[in-house]
**Student:** 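For reference, the structure I am asking about is given below.
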Amino acid sequence: MLKTAVYPGSFDPITNGHLDLLDRGLKIFDRIVIAVAANRGKKPPLFTLEERVELIRAALEGHPFADRVEVDSFQGLLVDYVKRLKAHAILRGLRAVSDFEYEFQMALMNRKLSSEIETLFLMTGMEWIYISSSIIKEVALSGGCVTGLVPPLTEKRLFQRLRENRQRT
Ligand code: PNS
């Protein structure tokens, strides 16, 4: 039986840290579905859902295991989406201790909602340990260099957004 994991997130935008985690996940699972969350509550995302999906798909072009990866989006509860897919686990990345509380809370809430779905955490590679979509956005939108930290199309789109923001003000 093929083992499938759902790798959920906001991916606003995808970073090389996400790609590193995907590669680690592919060593364990046969298939990974990257699931972009449509509703994230708090802050409006920098990129629309369609843009975030497009940036992930572009980042996967030429990836050696692209045939084992799917990119999708979902609305509502993650556990319902995982059940609909008949996936075996939720895959999440852990960078530093600071991620732990939030991840712990989410994993336990997901377990409370659906006891049969397990969450598997993998450690991000050391070179990506300080990277998050939020810090990438902060740096790029202030004109800082994020080359090598995000896929090329993501970098281009971040700077387009910076230019659009500057034109607006
Ligand atoms: O990349 P993020 O923002 O840390 O990802 C968080 C995400 C999208 C995985 C989480 O907010 C989520 O699963 N949202 C869907 C709604 C849901 O199921 N919430 C209950 C889990 S606490």
Side-chain angles (χ1 to χ4, degrees), residues 3-26 28-29 31-60 63 69-141 146 149-151 153-155 157-158 161:
K3 287 270 177 211
T4 300
V6 171
Y7 179 17
S10 305
F11 300 102
D12 185 37
I14 184 150
T15 69
N16 287 353
H18 291 129
L19 292 173
D20 173 79
L21 202 88
L22 175 72
D23 287 345
R24 290 172 196 282
L26 285 168
I28 299 169
F29 294 98
R31 178 170 158 257
I32 292 186
V33 180
I34 302 181
V36 186
N39 48 342
R40 193 43 188 80
K42 290 177 273 172
K43 262 179 145 184
L46 181 65
F47 294 103
T48 65
L49 184 61
E50 293 72 27
E51 285 171 326
R52 286 180 275 150
V53 167
E54 183 202 353
L55 291 177
I56 298 171
R57 293 211 168 112
L60 290 173
H63 188 285
V69 184
E70 265 170 54
V71 187
D72 193 14
S73 57
F74 73 101
Q75 292 227 347
L77 283 179
L78 174 62
V79 288
D80 291 340
Y81 175 76
V82 173
K83 277 191 231 165
R84 274 203 303 280
L85 283 192
K86 297 191 169 50
H88 301 91
I90 296 169
L91 175 67
R92 291 285 290 176
L94 275 181
R95 289 161 303 188
V97 181
S98 52
D99 281 343
F100 185 77
E101 202 177 325
Y102 170 58
E103 294 297 336
F104 186 70
Q105 199 179 18
M106 261 199 318
L108 291 183
M109 178 53 87
N110 284 332
R111 187 187 286 167
K112 166 88 185 120
L113 292 169
S114 184
S115 58
E116 72 272 26
I117 298 173
E118 295 297 340
T119 302
L120 187 84
F121 294 101
L122 292 178
M123 290 296 297
T124 312
M126 280 306 281
E127 62 270 57
W128 315 116
I129 217 101
Y130 64 97
I131 292 178
S132 65
S133 296
S134 310
I135 205 157
I136 290 286
K137 281 184 282 195
E138 187 176 330
V139 170
L141 296 183
V146 292
L149 303 178
V150 292
L153 187 64
T154 300
E155 184 180 358
R157 292 291 171 77
L158 278 165
R161 201 94 336 157

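If you read the sequence from its start, that first residue is 1, and numbering goes on from there. Indexing begins at 1, ligand by ligand and atom by atom, following the structure's order. Here the structure is a predicted model, which means the values were calculated and not measured.
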**Student:** Select the closest option to atom 15 (C) of ligand 1 among P8, G76, A37, judged by heavy-atom distance.
**Tutor:** G76
**Student:** Take L158 and F47 through the test side-chain contact (heavy atoms from CB on, under 4.5 Å) and record every step on the way to the result.
**Tutor:** CA-CA 9 Å; L158 278 165; F47 294 103; 3.9 Å; yes
**Student:** Heavy-atom contacts under 4.0 Å between N110 and ligand 1: side chain, backbone, both, or neither?
**Tutor:**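 Only the side chain of N110 comes within reach of ligand 1.
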**Student:** Show, in sequence, the C-alpha distance, side-chain angles and deciding distance for L19 and I14, and conclude whether the side-chain contact (heavy atoms from CB on, under 4.5 Å) test is met.
**Tutor:** CA-CA 8 Å; L19 292 173; I14 184 150; 3.8 Å; yes
**Student:** State, yes or no, whether a side-chain contact exists between N110 and R92 at a heavy-atom distance under 4.5 Å.
**Tutor:**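 Of all side-chain heavy-atom pairs linking R92 with N110, none is under 4.5 Å.
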**Student:** Could you pull out the closest heavy-atom pair between R161 and L46, with the gap in Å?
**Tutor:** NH1-O, 3.0 Å
**Student:** For S10, which part has a heavy atom under 4.0 Å from ligand 1: side chain, backbone, both, or neither?
**Tutor:** both
**Student:** Check whether any heavy atom of R92 sits under 4.0 Å from an atom of ligand 1.
**Tutor:** yes
**Student:** Check each atom of ligand 1 against the heavy atoms of F74 and keep those under 4.0 Å away; list them by number with element.
**Tutor:** 15 (C)
**Student:** Quick one: does S133 get within less than 4.0 Å of ligand 1, heavy atoms only?
**Tutor:** no
**Student:** If you compare all heavy atoms of R52 against all heavy atoms of A38, which two are closest, and at what distance to 0.1 Å?
**Tutor:**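 Taking every non-hydrogen atom into account, NH2-O, 4.3 Å.
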**Student:** Please enumerate all residues that pass ring-ring contact (aromatic ring centres under 6.0 Å, His included) together with Y81, with sequence neighbours excluded.
**Tutor:**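 Testing Y81 for ring-ring contact (aromatic ring centres under 6.0 Å, His included), a comparison that skips the adjacent residues, returns F74.
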**Student:** Considering both backbone and side-chain atoms of F11, is one of its nitrogen or oxygen atoms within less than 3.5 Å of a nitrogen or oxygen in ligand 1?
**Tutor:** no
**Student:** Below 4.0 angstrom from a heavy atom of L78, which ligand 1 atoms are there? Numbered from 1 as shown, please.
**Tutor:**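 Numbered from 1, ligand 1 contributes 13 (O), 17 (C), 18 (O).
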**Student:** Tell me whether Y81 reaches ligand 1 (any heavy atom closer than 4.0 angstrom to a ligand atom).
**Tutor:** no
**Student:** So K3 and I28, do their side chains get closer than 4.5 Å, heavy atoms only?
**Tutor:**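 Side chain of I28 against side chain of K3, heavy atoms only: no contact under 4.5 Å found.
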